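Below is one structure, written out as C-alpha cells, with a few remarks after it.
We name chains A, B, ... by the order of the sequence lines, and we start the count at 1 in each one. Given the structure is predicted, the values throughout are model-derived calculations rather than measurements.
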Amino acid sequence: MKYVDSRSEAVWSQENIIRFLRTVQKAISGAGLIAAFLFSQAGSAQQLSSFEGVPDWTGVWQMIGPTVFDRSTLQPPEGRAGRHGVREFPPYNDVWEQKYLANIERVSADRFPDPLSFCGTFPGFPRTMNLPGALEFVVRPEQVWILTEDGPSITRIYTDGRSHPPQDEIWPTYSGESVGRWEGDTLIFETIGIKGAGETILDRTGLTLSQQARITTRLRRVDAGTMEAQMVIEDPEALTETWMVTKQYGRLPDGSRMFDVACAENNRNPVDATGRTLTLDAEGNVLDVGVNTGVQ
Amino acid sequence: MMKEHERSRTIWLVVALTLSFTCFSVAAHHSGNMFDRERTVELTGTVKEFQWTNPHIWIQVLVPSAGGEVEEWSIEGGVPNRLFRAGWRPASFEPGDEVMIVANPMIDGAKGGAFVGAKLADGTTLGRFAE
C-alpha cells in the first residue's frame, strides 16, 4: 500500500479533481442548495500535525430523532422504521425502487430481519450515522474514529493525507474505507468499499445501497450541544442522482459513559429459517405458539 | 398550581421521553411485530429474575392465574444503555419484588410481552404507568 505524505498530492490527486468536478457538475445541474454545499468544499484543506488545533468533539452524543435514515422524505412523516407502510424516497432507479418495495413488503409481513438481529455483525457505514445508541467522535491528528455503542463498531477515517488504496486493495467491509481532510473545524471524508445490500441496511424500512456507493460526509460541531453530518451519497448502481441526507446528534450530559451493546450476550429473539423473529423464554424454549424448530 | 398549558406541555415532554426511551428501544434490535401494540395486559406478581442484559432486558414475573396456578411471564424491555440514561439501574427489579407490570402482550397468546410500565411495592414507577 502506498502512503502519501504530501497533502496536496493526496487530496488533489488527478482522480480526486475529476471526481470533484464531476460532483460539482452534477450539483450545478441539480438543486442550488446542493451546489452551494459542494462549492463550499473548495476552501483550503488542512492536515493536522498535532493535537493543537484539534476541534473539541469530546463527550457522548446521541442521534436526534428516530432511526429513519432520511427523515426529510419520510412518509408518513411521523412513521417509524420497522412499522408497516413506512418509507422514504431516495432517488433510486427503477431496479432499486423495486428492491426497496420488496423490502417494504417483507417488513409488513414481519420477514425483514434487521441484520443486527443475527448478533454477529456491525451496523456498517453509513448506518453508523443512524443508530439508536450513543456515539463518540474521537479526533486525533492522523485519524478520526466514530465509536458506536450499537455493534459495537468503529469507523476509522484517515486524515494523514493518504488517498484511498488502489482498487485491487479494497474489498467490501462493514465500516468501509474512509479518508478525510479538514476545512477549518469541518471534517470532510469520503467512504467507499461498503458491504451494501444483502449484508447491511440503512434503516428498518428496508433502505439499502450497493457496494458501488460513495459517501462524502461533512462532519462538524454546529453549536455546543450539536454535531451535524451532511452526507452526499453517490451510487451509480442504485441511484439516478446524488442523495443528500443530514443527521444531527445531541450531546449527552457531561460525565455520560458509553456502554456495550453486545447483542450476543443474551439474545432471546433469534431469527428462524423463514426470516421470522422468535421469542424465547428464560430457559431458551420458543415461546411463540406453534413454532418449535428452525431456529438459526 | 400548574397552569393548563404548562401541564399539557409537561405531559407531552414526559410522553415524548417515555416513548423515546422505552417503546422504541424495544424495537431497536429486532422486529417488534410479535407484540400487540394496540393492547395492554396488567400483570400483578413477583419478580423471579431480572436480566439486565443486551440486546434487551427481560423481567421474569410469576403471576397467579385465575385457576390458582402460577404462570411465568417473559417481559422484554429496552436496551441497558438507553434505559440506564432514562434512570433504570441493574437492580431496578430484584427477585422477590412485588410488582404490577403493564405490557403489550404477544399477539399469539404466548406468555410474553413488551414492557410498557411498572409499579413497585414502594410506589415507584418506571416507564408509562398510569394509575
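- Environment of CD in A:Glu283: crowded, with over 12 heavy atoms of neighbouring residues, nucleotides or ligands closer than 6.0 Å.
- Under the 3.5 Å distance criterion, the side-chain polar atoms of A:Asp70 are left unmatched by any main-chain donor or acceptor of A:Glu88.
- Checked against the 6.0 Å centroid criterion, the rings of B:Phe93 and B:Trp58 do not qualify as a close aromatic pair.
- Of all the listed residues (B:Glu49, B:Lys48, B:Lys111, B:Gln60), the one sharing the greatest number of non-hydrogen pairs under 4.5 Å with chain A is B:Gln60.
- Looking at A:Leu252, the atoms closer than 4.5 Å to chain B (heavy atoms on both sides) all sit in the side chain, from C-beta outward.
- Salt-bridge check for A:Arg87 with A:Glu97: passed, with a basic side-chain N closer than 4.0 Å to an acidic carboxylate O.
- Among A:Glu149, A:Met258, A:His84, A:Arg276, the residue with the largest count of heavy-atom pairs under 4.5 Å with chain B is A:Glu149.
- When each of A:Val261, A:Thr277, A:Asp281 is checked for heavy-atom pairs under 4.5 Å with chain B, A:Val261 comes out on top.
- For the pair B:Arg89 and B:Phe84, the cation-pi criterion (under 6.0 Å, within 45° of the ring axis) is fulfilled.
- Between chain B and the residues A:Val107, A:Leu131, A:Val289, A:Asp260, the largest count of heavy-atom pairs under 4.5 Å involves A:Val289.
- Both the backbone and the side chain of A:Ala134 have a heavy atom closer than 4.5 Å to some heavy atom of chain B.
- Contacts of residues 65-75 of chain B with chain A at a heavy-atom distance below 4.5 Å involve B:Glu72, B:Ser74, listed in sequence order.
- The parts of A:Arg257 that come within reach of chain B are both its backbone and its side chain, each placing non-hydrogen atoms under 4.5 angstrom from that chain.
- When heavy atoms are compared at a cutoff of 4.5 Å, A:Thr67 does not approach chain B at all.
- For A:Trp243 and A:Phe69, the ring centers sit closer than 6.0 Å to each other.
- Judged by distance alone, the side chains of A:Asp114 and A:Ser117 never bring a donor and an acceptor atom under 3.5 Å apart.
- In terms of modelled atom types and a separation under 3.5 Å, the side chain of B:His56 and the main chain of B:Glu76 share no donor-acceptor contact.
- B:Trp88 and B:Phe50 have tilted rings, their planes meeting at an angle from 30° to 60° on a 0 to 90° scale.
- Under the salt bridge (Lys or Arg N to Asp or Glu O under 4.0 Å) rule, A:Glu228 has a single partner from A:Arg218, A:Arg220, A:Lys247, A:Arg221, which is A:Arg220.
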